[in-house]
Amino acid sequence: MEPAPIRDPFAAAFEAARAAALAGEVPVGAAVVRGGALLAVAGNRTLRDRDPTAHAEMLALRAAAGTLGSERLIGCDLYVTLEPCAMCAAAISFARIRRLYFAAADPKGGAVEHGPRFYAQSTCHHAPEVYGGIRESEAAELLRDFFRARR
């Protein structure tokens, strides 16, 4: 199957995040793109799958790897609505993602610009180019609304 062309990868990631929220999941979405084509998109599914690793990034990386038939996602970019955690940052590195774009920073659980700053470690074999803060207010509002409704 030929991957679909996409104009705004963040739109796909935000749509997946909103769908996750409707399912009671933390609203995080991720999209993998290569050459202007959408390879995979996913939202968090930790509750549905009863799987602590079912973060949006992990699911999107797995799906993209399946689409390409390779564990290395050479030339691929990842768009995420929230700064990745340490687990996801490591998977992004192992997948050899070219560029990581994320919306909202995550001072508590993020591992790219916060916490362990995974890609700055000498033990990190591959660091993508990182661009954070894109559509940050939209992502932050989505998260705030979700958690406000749960309290």
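As the structure is a prediction and not an experimental result, all values here were calculated from the model.
- The backbone N or O of E113 lies less than 3.5 Å from a partner atom in the side chain of R117, making a donor-acceptor pair.
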Under the criterion side chain to side chain contact (heavy atoms under 4.5 Å, CB included), I'd like the reasoning laid out for V112 against Y119: C-alpha separation, chi angles, the key distance, then a yes or no.
CA-CA 7 Å; V112 176; Y119 303 127; 3.8 Å; yes

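- A salt bridge does not link E141 to R18: none of the charged side-chain nitrogens sits closer than 4.0 Å to a carboxylate oxygen.
- Between F10 and Y101, the ring planes are perpendicular. Angles over 60° get that label, and only those under 30° would be called parallel.
- Contact of the P128 side chain with the R98 side chain is not registered, since no non-hydrogen atoms from C-beta on lie closer than 4.5 Å.
- A distance of 10.5 Å separates OH in Y79 from CD1 in I97, rounded to the nearest 0.5 Å.
- When all heavy atoms are compared, the tightest approach of A16 to G29 is CB-CA, 4.2 Å.
- How far CG of L38 is from CZ of R7: 14.5 Å, rounded to the nearest 0.5 Å.
- Heavy-atom minimum distance, A20 versus P27: CB-CA, 4.4 Å.
- A heavy-atom distance below 4.5 Å is not found between the side chains of C76 and V33.
- Counting non-hydrogen atoms of other residues, nucleotides and ligands closer than 6.0 Å to CZ of F94 gives a total of 12 or fewer.
- Side-chain N or O atoms of R48 include none that pairs as donor or acceptor with a backbone N or O of R45 at under 3.5 Å.
- Salt bridge status for D145 with R150: absent, with no side-chain N to carboxylate O gap under 4.0 Å.
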Verdict with reasoning, L82 to V26, per side chain to side chain contact (heavy atoms under 4.5 Å, CB included):
CA-CA 10 Å; L82 184 66; V26 174; 5.5 Å; no

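- Using a distance-only test at 3.5 Å, with no hydrogens or angles considered, a donor-acceptor pair links the side chain of D77 to the main chain of R99.
- Proximity of a side-chain donor or acceptor of E129 to a complementary backbone N or O of L100 within less than 3.5 Å is not detected.
- Note on V130 and V28: same hydrophobic cluster, where clusters join Ile, Leu, Val, Met, Phe, Trp and Tyr whose side-chain heavy atoms are under 4.5 Å apart, directly or indirectly.
- Contact between A12 and A31 at its shortest, heavy atoms only, is CB-CB, 4.4 Å.
- Separation of atoms CZ (R62) and CD (E57) is listed at 11.0 Å; rounding is to 0.5 Å.
- Taking CZ of R96 as the reference point, atom NE2 of H126 lies at 6.5 Å (rounded to 0.5 Å).
- No donor-acceptor pair closer than 3.5 Å links the side chain of D49 to the backbone N or O of D51.
- The backbone N or O of A56 sits less than 3.5 Å from a side-chain atom of N44, completing a donor-acceptor pair.
- Between L39 and L73, every side-chain heavy-atom pair lies at or beyond the 4.5 Å cut-off.
- Using a distance-only test at 3.5 Å, with no hydrogens or angles considered, no donor-acceptor pair links the side chain of H125 to the main chain of S93.
- Note on L78 and L68: same hydrophobic cluster, where clusters join Ile, Leu, Val, Met, Phe, Trp and Tyr whose side-chain heavy atoms are under 4.5 Å apart, directly or indirectly.
- I134 and I6 fall within a single hydrophobic cluster, where Ile, Leu, Val, Met, Phe, Trp and Tyr side chains are chained together by heavy-atom contacts under 4.5 Å.
- For R34, the CZ atom counts as loosely surrounded, since its 6.0 Å shell holds 12 or fewer non-hydrogen atoms of other residues, nucleotides or ligands.
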Run C88 and L61 through side chain to side chain contact (heavy atoms under 4.5 Å, CB included) and show every step you take.
CA-CA 9 Å; C88 293; L61 291 173; over 6 Å; no

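- The closest side-chain heavy-atom distance from L142 to T81 is not below 4.5 Å.
- At distances below 3.5 Å, not a single donor-acceptor pair connects side-chain atoms of E25 with backbone N or O atoms of G43.
- Using a 4.5 Å cut-off on side-chain heavy atoms (C-beta onward), C85 and D106 make no contact.
- For the residue pair A104 and A140, the shortest heavy atom distance occurs at CB-N, 4.1 Å.
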Under the criterion side chain to side chain contact (heavy atoms under 4.5 Å, CB included), I'd like the reasoning laid out for T46 against H55: C-alpha separation, chi angles, the key distance, then a yes or no.
CA-CA 6 Å; T46 59; H55 290 195; 3.8 Å; yes

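- Here F14 contributes atom CZ and E138 contributes atom CD; the two are 4.0 Å apart, rounded to the nearest 0.5 Å.
- Between the E83 side chain and the A105 main chain, no donor and acceptor come within less than 3.5 Å of each other.
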